[in-house]
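Encoded as structure tokens, the structure appears first; notes follow it.
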Number of protein chains: 2
Amino acid sequence: MVETVADPEAELSVRERIVAAARRQFAERGFAGTSLQAVADAVGIRKPSLLYHFRSKDILRRAVLDDVLAHWKSELPRLLAQSRSGKDRFAGGVGALVSFFQADPSRARLIVREMLDQPELVKQLLTEHVRPWTGLVVDYIRMGQSMGQVRDDVDAESYVVQIATMVIGTVATGEVSRSMISGDREDGVAAQISELVRLARAGLFNVRPPPGA
Amino acid sequence: MVETVADPEAELSVRERIVAAARRQFAERGFAGTSLQAVADAVGIRKPSLLYHFRSKDILRRAVLDDVLAHWKSELPRLLAQSRSGKDRFAGGVGALVSFFQADPSRARLIVREMLDQPELVKQLLTEHVRPWTGLVVDYIRMGQSMGQVRDDVDAESYVVQIATMVIGTVATGEVSRSMISGDREDGVAAQISELVRLARAGLFNVRPPPGA
DNA sequence: GGGCCTCCCTACCACTTGGTAGGCAATCGT
DNA sequence: ACGATTGCCTACCAAGTGGTAGGGAGGCCC
């Protein structure tokens, strides 16, 4: 029995559907707070069938984490391409990073949870998959510094990490922190993100051409 | 009912020791990932004794969260006093906020976890306890804007939330994000924090007197 | 003293958890 | 045609969970 062909989810393999369901639940209730029973229910199979595809809960956890990082990694080139030159593209790049996580907030929440639950593993995985790319950004910023376009008091590496922390944190805890903004105004998300981009920009570029030149 | 107000440097009450142990464990392993058995062991009592002081695990959770927020709230005036005027004090204020959470990172980690686990409750508690104080900061920033000292493209509310997100996120996930900074250089923490302060500052103040006037 | 309250204990319980054993139908390679 | 493999199932289990029952030692007030 197969579901409707029009539904994009219908074409996913059972493995993929398990990973997707697990990601959502791990993100929402945490790893320890999620039972295999609940994941199996969400997929529409029985628990032992789930354990046939993933031999233990820990293996499933790892698969979910790998999946999120793989998606992130595969999106990075596209995101970076948008920030390759100038201030306008830079704003677009940060915005695109935000949209990547915002498109499925469970990605951000999962990463935050795993950073808390297994810092050593996440540290290793990020170093392996994401760091090479951030290295490109760091080089780009340093180039901008040598050309006088970028503030020279910027610590490029710390800057990148800080912006990433802000982006992921903003998406993951967005609902809560947004409630601190003026009651519950409609444009909370937009305001928060535009302030994020503004902060990132103000912290990076010289406001106007250096006075000496 | 608190009986320890006049106690000079006496040992903590059992209740307080339970809350402290629970905070550490909830922060480290999460609420669902922590058993009452483990908390009781850390305190050095049996599980039913723990349940004598807190009638359910959920009540303990709430007590832990209240405790953290109460400490935060009570520290806020002192932290704000340091940022009342000018750029130097501002840096001190943000730095002080960082130190507050860094003094016991389990506070930051617990708040992040609870923002993920029970966003509605945390939203309500933050609005009740913390928001009045951030309101003061917002007013202060707006005053600075009317005096031309602060950039006028700053959305004061979003700015404050964004900085707080960055501070809490930096402390909570510090170990991991720091590993993205150049191998594992010794001053990772300091570099990260100083970049945080620099970002906050660059995003707030006019770099030099406004050009038009 | 005697009753009472505080605080901690041992013993126990119903329930859920991750995981295993083994069977059954469809599909595949040859 | 037919054994092996795949993918799912029912039935089960040992361990651990949050929580309860009830008892006992010590201090406090009359």
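Naming: A, B, ... by sequence-line order, numbering from 1 per chain.
In this structure, A/Arg15 forms a cation-pi arrangement with A/Phe54, its terminal cationic atom sitting closer than 6.0 Å to the ring centre and no more than 45° off the ring axis. Stacking of B/Arg61 on the aromatic ring of B/Phe31 is recorded, both the 6.0 Å distance cut-off and the 45° axial limit being met.
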Between protein and nucleotides 3-7 of chain D, what N or O pairs are separated by less than 3.5 Å?
unit_1, atom_1, unit_2, atom_2, d
D/dG7, OP2, A/Tyr52, OH, 3.3

Show me the protein contacts with nucleotides 21-27 of chain D, counting only N or O atoms at under 3.5 Å.
none

Strictly under 3.5 Å: I want the nitrogen or oxygen pairs between protein and nucleotides 14-18 of chain D, one per line.
unit_1, atom_1, unit_2, atom_2, d
D/dT17, OP1, B/Ser35, OG, 3.4
D/dG18, OP1, B/Lys57, NZ, 3.0
D/dG18, OP2, B/Leu36, N, 3.0
D/dG18, N7, B/Lys47, NZ, 2.8

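The two residues B/Val171 and B/Arg109 come nearest to each other via the heavy atoms O-NH1, 4.3 Å.
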Q: Before giving the answer on side chain to side chain contact (heavy atoms under 4.5 Å, CB included), spell out for A/Phe26 and A/Leu60 the whole-Å C-alpha distance, their side-chain angles and the decisive distance to 0.1 Å.
A: CA-CA 11 Å; A/Phe26 290 169; A/Leu60 174 58; 4.2 Å; yes

Q: Start with the C-alpha distance between B/Arg201 and B/Arg198, add both sets of side-chain angles, then the distance that settles side chain to side chain contact (heavy atoms under 4.5 Å, CB included), and finish with yes or no.
A: CA-CA 5 Å; B/Arg201 241 169 119 162; B/Arg198 195 196 63 75; 5.7 Å; no

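The distance from atom CZ of B/Arg55 to atom P of C/dC7 is 15 Å, rounded to the nearest whole Å. Rounded to an integer number of Å, the gap from A/Leu50 CG to D/dT10 P is 14 Å. Taking atom CZ on A/Phe54 and atom C1' on C/dT20, their separation rounds to 19 Å, with Å as the unit. As a whole-Å value, the separation of A/Arg46 CZ from C/dG23 C1' is 17 Å.
There is a side-chain donor-acceptor pair under 3.5 Å between B/Asp104 and B/Ser106. Checking B/Thr170 against B/Gln192 by side-chain atom types alone, no donor-acceptor pair falls below 3.5 Å. Looking only at atom types and distance, the side chain of A/Gln102 has no donor-acceptor partner in the side chain of A/Ser99 under 3.5 Å away.
Looking at B/Thr165, B/Leu116, B/Val122 one by one, the single match for side chain to side chain contact (heavy atoms under 4.5 Å, CB included) with A/Val176 turns out to be B/Val122.
At least one donor-acceptor pair closer than 3.5 Å links the side chain of A/Tyr159 to the backbone N or O of A/Ala200.
For the pair A/Ser49 and D/dC9, the criterion of a side-chain N or O lying under 4.0 Å from OP1 or OP2 is met.
The aromatic rings of A/Phe100 and A/Trp72 lie parallel to each other, with less than 30° between the two planes, well short of the 60° mark.
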